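Every value quoted in this text rests on a predicted model; they were computed, and no experiment measured them.
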Amino acid sequence: PCTDWNTARKANLSSVVQREWAYGYLSGLSDAYKQQHGTDIYSLLPTHEAILAVLNQYCEQHPQATVDAALRDLFYQLRPEK
């Protein structure tokens, strides 16, 4: 949940593992999207730092949401047919 994400971030417990997990989640979504739609959007994925910035902002604004909901929201904004 975002509450745990916020707690870890504010206690400086966020780690490379969390960052890589988030990027991997988006990579997986982009692979699935390519299989379903034939469009490769991997190159549209933001940098690791930008992903963390989006996650941090989303989780601050939606503490009861989940990190995967934040990542799905970001991913849907990247799709060509918004």
Side-chain angles (χ1 to χ4, degrees):
C2 276
T3 53
D4 290 349
W5 180 272
N6 292 336
T7 299
R9 182 175 52 81
K10 290 174 183 174
N12 290 322
L13 298 175
S14 297
S15 70
V16 172
V17 173
Q18 290 170 305
R19 182 188 73 198
E20 294 301 322
W21 178 87
Y23 197 81
Y25 189 96
L26 290 172
S27 295
L29 285 177
S30 69
D31 286 344
Y33 186 85
K34 182 178 179 181
Q35 290 297 316
Q36 293 176 354
H37 301 280
T39 303
D40 187 359
I41 63 170
Y42 184 81
S43 64
L44 300 177
L45 294 181
T47 64
H48 288 71
E49 293 78 16
I51 292 169
L52 289 179
V54 168
L55 279 173
N56 293 341
Q57 181 179 13
Y58 185 96
C59 283
E60 280 296 319
Q61 294 174 353
H62 306 94
Q64 300 307 314
T66 60
V67 173
D68 64 314
L71 291 169
R72 283 192 315 268
D73 187 58
L74 171 60
F75 181 78
Y76 292 138
Q77 292 176 34
L78 298 173
R79 296 179 312 161
E81 74 278 343
K82 295 178 196 172

Self-check item: Contacts of T7 that satisfy side chain to side chain contact (heavy atoms under 4.5 Å, CB included) - sequence neighbours left out
Solution: none

Quiz prompt | Polar side-chain atom of H62 near backbone of Y58 as donor-acceptor pair, under 3.5 Å | solution = yes

Quiz item: At what distance, to the nearest 0.5 angstrom, does NE2 of H37 lie from OG of S30?
Solution: 12.0 Å

Do any side-chain atoms of residues 64-74 form donor-acceptor pairs under 3.5 angstrom with protein atoms, and if so which ones, sequence neighbours left out?
from: T66; atom 1: OG1; to: D68; atom 2: OD1; distance (Å): 2.5
from: T66; atom 1: OG1; to: A69; atom 2: N; distance (Å): 3.2
from: D68; atom 1: OD2; to: R72; atom 2: NH1; distance (Å): 2.7
from: D73; atom 1: OD2; to: Q77; atom 2: NE2; distance (Å): 3.1

Quiz item: Does N6 reach the main-chain N or O of C59 with its side chain, forming a donor-acceptor pair under 3.5 Å?
Solution: yes

Quiz prompt | Rounded distance (nearest 0.5 Å) linking atom SG of C2 with atom CG of L55 | solution = 7.5 Å

Practice problem: State, yes or no, whether a side-chain contact exists between F75 and Y25 at a heavy-atom distance under 4.5 Å. | Solution: no

Using a 3.5 Å cut-off and no angle test, enumerate the donor-acceptor pairs between side-chain atoms of residues 39-52 and protein atoms at least two apart in sequence or in another chain.
from: D40; atom 1: OD1; to: Y42; atom 2: N; distance (Å): 3.0
from: T47; atom 1: OG1; to: A50; atom 2: N; distance (Å): 3.1
from: H48; atom 1: NE2; to: E20; atom 2: OE2; distance (Å): 3.4

